[in-house]
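Comments concern the structure below.
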Amino acid sequence: MIRTIVESAFQTGYLSVESEGLLKQVLATKCYQSEDLPDLAALYDAVRAGKIKREASSSNLLIEFPLPHKSC
């Protein structure tokens, strides 16, 4: 799921509120694989660099970067 969200954000140049919420939910429940982390890091860097815009109006940064974790 993380890869799909990241690909969509790079294609559109935007990270929707819904997509950001899904990312936060996946990370909170630790239902991701360590292979997802490079994609997540690329998204994080792109948002910080302004290459991808967030729809969320919050000034908080996208997410807290997780430690590697195994899938559910």
Side-chain angles (χ1 to χ4, degrees):
M1 175 182 299
I2 289 176
R3 177 169 288 171
T4 303
I5 292 170
V6 171
E7 287 175 357
S8 175
F10 275 100
Q11 287 175 355
T12 64
Y14 288 92
L15 180 65
S16 71
V17 172
E18 294 84 5
S19 292
E20 190 169 341
L22 285 172
L23 282 175
K24 288 180 181 181
Q25 184 178 14
V26 167
L27 295 172
T29 59
K30 297 183 175 33
C31 290
Y32 58 90
Q33 298 177 349
S34 60
E35 296 85 25
D36 293 326
L37 296 181
D39 292 333
L40 190 59
L43 176 62
Y44 183 87
D45 290 343
V47 169
R48 288 191 60 188
K51 294 178 183 177
I52 293 178
K53 305 292 183 198
R54 293 173 61 216
E55 285 185 344
S57 60
S58 170
S59 63
N60 293 338
L61 197 51
L62 174 65
I63 52 171
E64 287 186 31
F65 202 78
L67 296 175
H69 201 277
K70 294 193 176 199
S71 178
C72 295

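Quick note: residue numbers are just sequence positions, from 1.
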- Item | Side-chain donor or acceptor of S8 paired with backbone N/O of T4 under 3.5 Å |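 The answer is no, because no donor-acceptor pair under 3.5 Å joins these two groups.
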Quick one: does [X]'s side chain get under 4.5 Å of [Y]'s, heavy atoms only?
X   : Y   : result
Y32 : L27 : yes
I5  : L15 : yes
L43 : D39 : no

- Item | Nearest heavy-atom neighbours spanning R54 and V47 |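 Nearest heavy atoms, R54 then V47: CD-CG1, 3.6 Å.
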- Compare every heavy atom of A42 with every heavy atom of F10, then report the nearest pair and how far apart it is.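 Taking every non-hydrogen atom into account, CZ-O, 3.6 Å.
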- Note on the structure: Rounded to the nearest 0.5 Å, the CE atom of M1 sits from the OG atom of S19 at a distance of 9.5 Å
- Residues pairing under salt bridge (Lys or Arg N to Asp or Glu O under 4.0 Å) where one sits in residues 4-18, two or more places apart or in two chains, turn out to be none
